[in-house]
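All ligand and atom numbering here is 1-based and tracks the order in the structure.
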Amino acid sequence: MKKVLFVNGCIRGAQSRTLRLAQRLVRQIPDADIEVLALPALHLTPYDAKDIAERDALSAAGAFSLPFFALANQFKNADAIVLACPFWDLSVPSMVRNYLERLCVTGLTFHYNDKCYPVGDCRPQRFVYVTTRGGIVKNDDPALADHASAYLLSICKLLTNARFDTLAAEGLDIQGNDAEALLRDAEAKADRLAQSFWDEA
Ligand SMILES: Cc1cc2nc3c(=O)[nH]c(=O)nc-3n(C[C@H](O)[C@H](O)[C@H](O)COP(=O)(O)O)c2cc1C
């Protein structure tokens, strides 16, 4: 069995269409032991000066097994990551950003090689970002750009060697659109993604 970390950043809980789409994927991943991390319950705050000082001191001491780094270790030791969150303000909700701050730890989840290039030290071989959007994205238009996929792809490549995919339904809040039909189309994509989940590239 492979360990899949399902990072649930769906703030609206049972109302969340992103959660519905993500669950459709997660439930069908073959050979998977699913660990759920419910981000809303963690109430993560942004790192402040005290947190950074503590992180620096513990990192310098190599104390990476302490609870301070629990989220980073959990991410590091998973075989796959499914991160689900709604598309907010062209990117991820700040709650997810607070989570990502806990993952990027030099010396634990990545290091720099002798050419000062970052090398990921985390195990995941798959990273799927699941989202739903009220409108649409167009990356050639700054006011409509998808900063979430680009950002999460970069975080994925910083920390891992994983294949990255975005699974999205969009246009759900546009008047006249059939949100249910759009979600069903995305669910069909989730079904296909689940079947090929462990395939290379
Ligand atoms: C605070 C907030 C910001 C949002 N920003 C965007 C946005 O930038 N672009 C967009 O297309 N939709 C945006 N939306 C709409 C949501 O992406 C859309 O309703 C989504 O389906 C919500 O997902 P959920 O049902 O999982 O909560 C925003 C919604 C909220 C509440």
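A salt bridge links Arg17 with Asp173: the distance from a Lys NZ or Arg NE/NH1/NH2 to an Asp or Glu carboxylate oxygen falls below 4.0 Å.
Glu170 places a side-chain N or O within donor-acceptor distance of the main-chain N or O of Val137, the cut-off being under 3.5 Å. Under the 3.5 Å distance criterion, the side-chain polar atoms of Ser91 are left unmatched by any main-chain donor or acceptor of Phe87. Side chain of Asn73 to backbone of Phe64: a donor-acceptor contact under 3.5 angstrom is found.
Of all protein heavy atoms, the one closest to atom 6 (C) of ligand 1 is Phe87 O, 3.4 Å. Gly135 N, 3.5 Å is the protein heavy atom nearest to atom 10 (C) of ligand 1. Atom 31 (C) of ligand 1 has as its closest protein heavy atom Trp88 NE1, 3.6 Å. In terms of protein heavy-atom proximity, atom 19 (O) of ligand 1 is closest to Asp173 OD2, 2.6 Å. For atom 23 (O) of ligand 1, the closest non-hydrogen atom on the protein side is Thr132 OG1, 3.1 Å. Summary of contacts: the protein heavy atom closest to atom 12 (N) of ligand 1 is Gly134 N, 3.2 Å. In terms of protein heavy-atom proximity, atom 3 (C) of ligand 1 is closest to Asp89 OD1, 3.4 Å. The nearest heavy-atom contact from the protein to atom 25 (O) of ligand 1 is Arg12 NH2, 2.7 Å.
Within ligand 1, the atoms closer than 4.0 Å to a non-hydrogen atom of Thr18 are 23 (O), 24 (P), 26 (O), numbered from 1 in the order shown. Those atoms of ligand 1 that come under 4.0 Å of a heavy atom in Arg17, given as number and element, are 18 (C), 19 (O), 20 (C), 21 (O), 24 (P), 25 (O), 26 (O). For ligand 1, the atoms closer than 4.0 angstrom to any heavy atom of Arg133 are 11 (O), 17 (O), 18 (C).
When the options Leu144, Leu90, Thr131 are ranked by their closest heavy atom to atom 8 (O) of ligand 1, first place goes to Leu90.
Among the atoms of Leu172, none of the N or O lies under 3.5 angstrom from an N or O of ligand 1.
Side-chain contact between Leu39 and Asn8 is absent, with no heavy-atom pair separated by less than 4.5 Å.
The side-chain tip of Arg126 points at the ring of Phe197 from less than 6.0 angstrom away and within 45° of straight on. In this structure, Arg97 fails the cation-pi test against Tyr151, since its NZ or CZ atom is not both closer than 6.0 Å to the six-membered ring centre and inside 45 degrees of the ring normal.
Open room surrounds CD on Gln15; 12 or fewer heavy atoms of other groups in view lie less than 6.0 Å from it.
In this structure, Cys104 and Leu158 approach most closely via the heavy-atom pair SG-CD2, 4.0 Å.
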